[in-house]
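In this text the structure is predicted, and so the values were computed from the model without any measurement. Both counts, for ligands and for their atoms, begin at 1 and track the order of listing.
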Amino acid sequence: MKKHLLFLGPPGAGKGTQAAVVSKDNSYLHLSTGDLLRKEIELNSDLGNQVKDIMNKGQLVNDNLVLEIVKKNLHKNNKGWILDGYPRNLSQVDSLNKVLINLNQPLEIVFYLDVPDEVLIKRLLSRGRKDDNEKTIKTRLKIYKETTEPLIEYYKELSLLEYIKADEDLKTVSDDIKYKMA
Ligand code: AP5
Ligand code: MG
């Protein structure tokens with residue numbers, strides 16, 4: 001059973017939803033940089049105030065801020081971990097590689113959740129998170145395509161990538177992930 005996982009995919013692909021299932025089933029840490037940043041905003045912390053406007057616009061938060069959050073949460077004693085929404089660009093990949101070398105816990109599998117744009121937009125608009133409005137979704141998708149999508153090729157070359165057709169019902173997607181994790 002793989003223990004060190006990454007969920008990659010566009011906004012609305014189901015990264016958070018599926019990571020929650022895997023984390024619950026296996027008692028793995030679910031590390032969502034988006035969730036952790038939203039928590040900081042809720043708490044009205046300095047960090048939260050720094051990132052609020054950027055997140056509401058759908059732009060990426062500064063790499064160093066995100067790296068600090070990741071370092072704070074990834075520990076050797078986690079039974080396993082799932083990265084959700086991190087890394088998102090090649091510089092974050094570099095930083096993550098260093099963190100994982102220090103932990104001596106290399107990534108074992110990268111699930112790429114693929115969903116067509118029109119389905120993503122529909123899902124996000126009906127969810128209604130603060131950054132789920134037409135303008136912000138457009139920015140998030142654009143940034144995803146420009147800066148995050150190249151990671152697919154990167155992990156493919158390392159033979160870590162598993163393709164998931166994620167435009168299916170929740171259970172079908174979960175079963176596919178479970179099968180490929182084993
Ligand atoms: P983040 O929170 O990571 O948002 P995102 O990448 O835009 O992705 P979402 O969380 O919207 O989608 P998801 O793939 O998790 O899908 P979900 O399961 O929720 O990031 C937010 C912001 O934080 C960024 O814009 C940036 O500002 C900042 N940030 C975060 N990480 C960063 C980083 N590393 N570097 C810099 N900045 C960073 O599902 C979506 C909806 O679809 C839900 O309603 C769900 O119920 C539904 N759904 C899921 N699966 C299915 C299915 N199979 N069928 C039908 N509906 C489904
Ligand atoms: Mg999410």
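- D84 and G16 get closest at one heavy-atom pair: OD2-CA, 3.2 Å.
- Nearest protein heavy-atom contact of atom 7 (O) of ligand 1 is R140 NH2, 2.9 Å.
- Under a 4.0 Å criterion applied to the non-hydrogen atoms of T17, ligand 1 contributes the atoms 17 (P), 18 (O), 39 (O), 45 (C), 49 (C).
- For a threshold of 3.5 Å applied to N or O pairs, the pair formed by Y86 and ligand 1 contains no separation below that value.
- Using a 4.0 Å cut-off between a side-chain N of Lys or Arg and a carboxylate O of Asp or Glu, D175 and K180 do not qualify as a salt bridge.
- Near Q92, the atoms of ligand 1 lying under 4.0 angstrom from a non-hydrogen atom of the residue are 33 (C), 34 (N), 35 (N), 36 (C).
- Nearest protein heavy-atom neighbour of atom 16 (O) of ligand 1: G14 N, 3.1 Å.
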Stepwise salt bridge (Lys or Arg N to Asp or Glu O under 4.0 Å) test for D117 and K138: CA-CA 10 Å; D117 284 7; K138 210 171 150 198; over 6 Å; no
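- Using a 4.0 Å cut-off between a side-chain N of Lys or Arg and a carboxylate O of Asp or Glu, R129 and D131 qualify as a salt bridge.
- From the protein, the heavy atom lying nearest to atom 54 (N) of ligand 1 is R123 NH2, 3.4 Å.
- Below 4.0 Å from some heavy atom of A13 lie the following atoms of ligand 1, by number and element: 14 (O), 16 (O).
- Counting only distance, with no hydrogens or angles, the side chain of R88 and the backbone of L60 share no donor-acceptor pair below 3.5 Å.
- Taken to the nearest 0.5 Å, the CD1 atom of I164 stands 11.5 Å off from the OH atom of Y179.
- Contacts of L37 with ligand 1, taken as heavy-atom pairs under 4.0 Å, involve the side chain alone.
- For ligand 1 and G16, the ligand atoms under 4.0 Å from any heavy atom of the residue are 13 (P), 15 (O), 18 (O).
- The residues D114 and K165 are annotated as not salt-bridged, no charged nitrogen and carboxylate oxygen being separated by less than 4.0 angstrom.
- Residue contacts with ligand 1 for K15 involve both N, CA, C or O and side-chain atoms from C-beta outward (heavy atoms, distance under 4.0 Å).
- Residues T139 and Q59 have side chains that never bring a donor and an acceptor to within less than 3.5 angstrom of each other.
- For ligand 1 and R38, the ligand atoms under 4.0 Å from any heavy atom of the residue are 2 (O), 21 (C).
- In this structure, the separation between CE on M1 and CD on E108 is 11.0 Å, given to the nearest 0.5 Å.
- Looking from atom 12 (O) of ligand 1 to the surrounding protein, the closest heavy atom is G12 N, 2.8 Å.
- Here R127 pairs with D132 in a salt bridge; the nearest charged N to carboxylate O distance falls below 4.0 Å.
- Residue P10 approaches ligand 1 through these ligand atoms, each under 4.0 Å from one of its heavy atoms: 14 (O).
- When each of H30, H4, H75 is paired with W81, the ring pair (Phe, Tyr, Trp, His ring centres under 6.0 Å) condition holds for H4 and for no other.
- When only non-hydrogen protein atoms are considered, atom 26 (C) of ligand 1 lies nearest to Q59 O, 3.4 Å.
- Between the T136 side chain and the N56 main chain, a donor and an acceptor come within less than 3.5 Å of each other.
- With salt bridges taken as basic N to acidic carboxylate O contacts below 4.0 Å, one links K142 and E146.
- Applying the 4.0 Å criterion to heavy atoms of L124 picks out, from ligand 1, the atoms 11 (O).
- Closest to atom 53 (N) of ligand 1, if we only count protein heavy atoms, is E168 O, 2.7 Å.
- Of all the atoms in ligand 1, the ones that sit under 4.0 Å from a non-hydrogen atom of L170 are 50 (N), 51 (C), 52 (C), 53 (N).
- Looking at V61 next to ligand 1, an N or O pair under 3.5 Å apart turns up.
- Contacts between R129 and ligand 1, counted as non-hydrogen atom pairs separated by less than 4.0 Å, involve the side chain only.
- Considering only non-hydrogen protein atoms, atom 33 (C) of ligand 1 sits nearest to R88 CD, 3.3 Å.
- The protein heavy-atom contact nearest to atom 43 (C) of ligand 1 is R127 CD, 3.9 Å.
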